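Below: the structure, in C-alpha cells.
Just so you know, these numbers use all the heavy atoms, side chains as well, and skip hydrogens, waters and symmetry mates. Letters A, B, ... mirror the listed sequences (proteins, then strands); counts begin at 1. Worth saying up front: this structure is predicted, and the values here are computed from it rather than measured.
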Protein chains: 2
Amino acid sequence: MSDDDFALSDVEVSLQPLERFEEYLQSRGKRITKQRRILVEHVFRRHEHFDADELLDELQQSRQDKLASRATVYRALTELVDAGLLRKMDLAGRAVYEHDYGYPQHDHLYCTHCHSLIEFHSDGLVKLRNEVAQGHQFRVTGHKFIVQGICEACQRSLRRQKRPLDLM
Amino acid sequence: MSDDDFALSDVEVSLQPLERFEEYLQSRGKRITKQRRILVEHVFRRHEHFDADELLDELQQSRQDKLASRATVYRALTELVDAGLLRKMDLAGRAVYEHDYGYPQHDHLYCTHCHSLIEFHSDGLVKLRNEVAQGHQFRVTGHKFIVQGICEACQRSLRRQKRPLDLM
DNA sequence: GTTGTTGCAAATTTTTTGCACCCAC
DNA sequence: GTGGGTGCAAAAAATTTGCAACAAC
C-alpha cells in the first residue's frame, strides 16, 4: 500500500484530533508524550471556548497528581494552533481558544456585557474577504471577525434594570 | 437659540479631536489637564496605528521633561476609547490603537510576516454584519474584522529567500 | 543512549493600582 | 480650598524561558 492511497483531504477529515496531532508531531520530529495526549483529549472532549488558565485549572483542580504544568499547557496550546487543531482569538487582553479541526468555519457575535460568544457562519463573508484581499494582492491565510454588541438576554436584563416603568 | 439648533451629527463632525475630548471630559466632571491635552494633540497629529509603549516613548524620548507618565498614558488611552476618539484592537497580545473620531469606518488586512496593517473599507461587510446580527436579535455596537495573511511585499521577499534556485 | 520534553521558578511583557503630592476648577 | 489627576514604584496578570531531571524513541 503506497502513501498515495491516502489523499491529504481524506486524511484530514477522517482522523481523530489526537491522531491528527500525532501526525503533526511526527512530521516535526516531536515526541508523543503523556501530557500532550492528555491535553488534546481533554480539549476535544467538549466544544467550548476557553483560555489557558481555565484549561490549566481543569487539568490540576482537585487532584494532587497534576496532569500538566502551566508551562506545558502554554507550550501545547501553541502547538495545537500550529497544527491547525485550535484557533486562537485575542479577546479583552487574553487569548481564547476554540476548536478548529473538524469544526466548520465560523465567526462570532461577542456580547460585551456577559462576554458570551455566539457562533455564526456566513458564506458571503468569505467571498467578500477574498475579493478585498485579491484587490490588494494579499495572500489570505485566515481572518477574525468579531461582531461586538449586546446579546438578546442581556438586552432584556438591561431593559428591566434601567427602565423599570418606562414600558408603557 | 435652542439645543436643537445643533443636531448631534453636526457637532460630531465639526469639532476638533481636542475639543471633542474636552466636551467628553466636561460631561463627566473630569478635568482638562495639560497631560490630556498633550496626549490628544500628539495622537491626532498623524494617522498611524500605535500601542501604549510606542506612544509613551514618543512622549518621553530625548527630553528630560517627560510629557506624561506611563500610568497617565494608559489612563488617557482608556478615556480616549471611551470618548469615541480612538479604536482599540487586540493584536498579538497587546493593544493597538487607531483614530476613530473623524475617520471613516474601515477594517484591516494584517500581514503576519511584517505585522503591517492595511486599511480597507467595505459597505457589503457592514450590511452583512447587520443582517447576521438581526437574525440573532443581537444589538450591534461595532465589530473587528481582521484578515490575516501575507502582504504583497512580504510575498516577494519570501519567494526570493526560500527558493533561490529550488535546489536541494 | 540521545535528544526532545517537562516542571519549576524566575524572568518578561503589558497593564493596573495605591498613595502622597499637585493642580484645575 | 477641594477633589480629581499625576507620577512613581509596586503589584497584577498573562505568557515565556533557563535549566536540571526525565522520558520518548
Side-chain angles (χ1 to χ4, degrees), chain A residues 18-19 21-42 49-61 63-83 86 88-97 115, chain B residues 18-19 21-42 49-61 63-83 86 88-97 115:
Chain A
L18 177 55
E19 296 173 323
F21 191 42
E22 291 181 344
E23 191 180 76
Y24 161 85
L25 291 172
Q26 291 185 333
S27 74
R28 307 286 180 110
K30 294 187 164 196
R31 292 171 182 174
I32 298 168
T33 63
K34 186 173 57 168
Q35 287 86 342
R36 282 176 175 150
R37 233 171 349 229
I38 288 172
L39 258 151
V40 180
E41 301 261 67
H42 182 87
H49 301 88
F50 63 92
D51 62 29
D53 219 49
E54 285 166 8
L55 179 54
L56 185 63
D57 277 351
E58 292 169 7
L59 293 176
Q60 299 196 338
Q61 75 175 162
R63 55 170 68 239
Q64 49 289 77
D65 59 322
K66 301 181 177 181
L67 300 176
S69 71
R70 178 179 311 280
T72 297
V73 166
Y74 275 102
R75 286 188 278 234
L77 285 173
T78 301
E79 292 168 339
L80 287 170
V81 169
D82 197 44
L86 293 182
K88 178 182 179 179
M89 285 180 280
D90 286 307
L91 232 57
R94 75 188 175 304
V96 174
Y97 299 85
H115 300 100
Chain B
L18 177 55
E19 296 172 322
F21 191 43
E22 293 181 341
E23 189 179 76
Y24 161 85
L25 291 171
Q26 291 185 330
S27 74
R28 306 286 180 112
K30 295 186 163 197
R31 292 174 182 172
I32 299 166
T33 63
K34 186 174 55 172
Q35 287 87 341
R36 283 177 175 150
R37 234 176 342 234
I38 288 171
L39 257 151
V40 179
E41 303 260 66
H42 182 86
H49 300 90
F50 62 93
D51 63 29
D53 218 49
E54 285 167 8
L55 178 55
L56 185 62
D57 277 352
E58 291 170 8
L59 293 176
Q60 299 196 337
Q61 75 177 162
R63 53 169 69 238
Q64 49 289 75
D65 59 323
K66 302 181 176 180
L67 299 177
S69 69
R70 178 180 309 281
T72 297
V73 167
Y74 274 101
R75 286 187 278 235
L77 285 173
T78 303
E79 293 168 339
L80 287 169
V81 169
D82 197 43
L86 293 181
K88 178 182 179 179
M89 286 180 281
D90 286 306
L91 233 57
R94 72 187 177 303
V96 174
Y97 299 84
H115 300 102

Starting from [atom2] on [N], measure out to [atom1] on [X] and report it in whole angstrom.
{"X": "B:Arg70", "N": "D:dA9", "atom1": "CZ", "atom2": "P", "value": "11 Å"}
{"X": "A:Leu25", "N": "C:dT3", "atom1": "CG", "atom2": "P", "value": "19 Å"}
{"X": "A:Lys66", "N": "D:dC22", "atom1": "NZ", "atom2": "C1'", "value": "18 Å"}
{"X": "B:Ile32", "N": "C:dC23", "atom1": "CD1", "atom2": "P", "value": "17 Å"}
{"X": "A:Asp53", "N": "D:dA13", "atom1": "CG", "atom2": "P", "value": "10 Å"}
{"X": "B:Phe50", "N": "C:dT15", "atom1": "CZ", "atom2": "P", "value": "12 Å"}
{"X": "B:Asp57", "N": "C:dT13", "atom1": "CG", "atom2": "P", "value": "13 Å"}
{"X": "B:Lys30", "N": "C:dC25", "atom1": "NZ", "atom2": "P", "value": "14 Å"}

Would you call A:Gln26 and A:Ile32 a side-chain contact if the rule is heavy atoms closer than 4.5 Å?
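Sidechains of A:Ile32 and A:Gln26: in contact.
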
Of A:Lys88 and B:Ser69, the one whose closest nucleotide on DNA chain D sits nearer the 5' end is B:Ser69

Ignoring hydrogens and angles, does a donor from either the side chain of B:Arg28 or the base of D:dG4 sit under 3.5 Å from an acceptor on the other?
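No such pair is found, so the answer is no.
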
Does A:Arg31 make a side-chain donor-acceptor contact with the base of C:dG4, cut-off 3.5 Å?
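Result: at least one qualifying N/O pair found.
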
Against the side chain of A:Ala95, the closest entry in D:dT15, C:dC8, C:dG18 is D:dT15

Closest listed nucleotide, where the reference is the side chain of B:Arg75 and the choices are C:dG18, C:dT15, D:dA14
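When the side chain of B:Arg75 is considered, C:dG18 is the closest of C:dG18, C:dT15, D:dA14.
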
Select from B:Asp51 and A:Gly29 the residue whose nearest nucleotide in DNA chain C is closer to the 5' end of that strand.
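Looking at DNA chain C, the more 5' nearest nucleotide goes with A:Gly29.
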
Looking at B:Glu58 and B:Leu55, would you say the former's side chain and the latter's main chain have a donor-acceptor pair under 3.5 Å?
no

Closer than 4.0 Å, any side-chain N/O of [X] to the OP1 or OP2 of [N]?
{"X": "A:Thr72", "N": "C:dG7", "answer": "yes"}
{"X": "B:Thr33", "N": "D:dT6", "answer": "yes"}
{"X": "A:Tyr74", "N": "D:dT15", "answer": "yes"}

Heavy-atom pair with the smallest gap, counting every atom of [X] and [Y]:
{"X": "B:Lys88", "Y": "B:Ala95", "answer": "CE-CB, 3.6 Å"}
{"X": "A:Leu86", "Y": "A:Phe50", "answer": "CD1-CZ, 4.0 Å"}
{"X": "B:Glu54", "Y": "B:His49", "answer": "OE1-O, 3.9 Å"}

Working for side chain to side chain contact (heavy atoms under 4.5 Å, CB included), residues A:Leu91 and B:Asp90
CA-CA 7 Å; A:Leu91 232 57; B:Asp90 286 306; over 6 Å; no

Should the pair B:Arg28-B:Asp82 be classified as a salt bridge under the 4.0 Å nitrogen-to-oxygen rule?
yes

Give me the residues of residues 34-42 of chain A where at least one heavy atom lies under 4.0 Å from an atom of DNA chain D, by number, or none.
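Contacting residues: none.
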
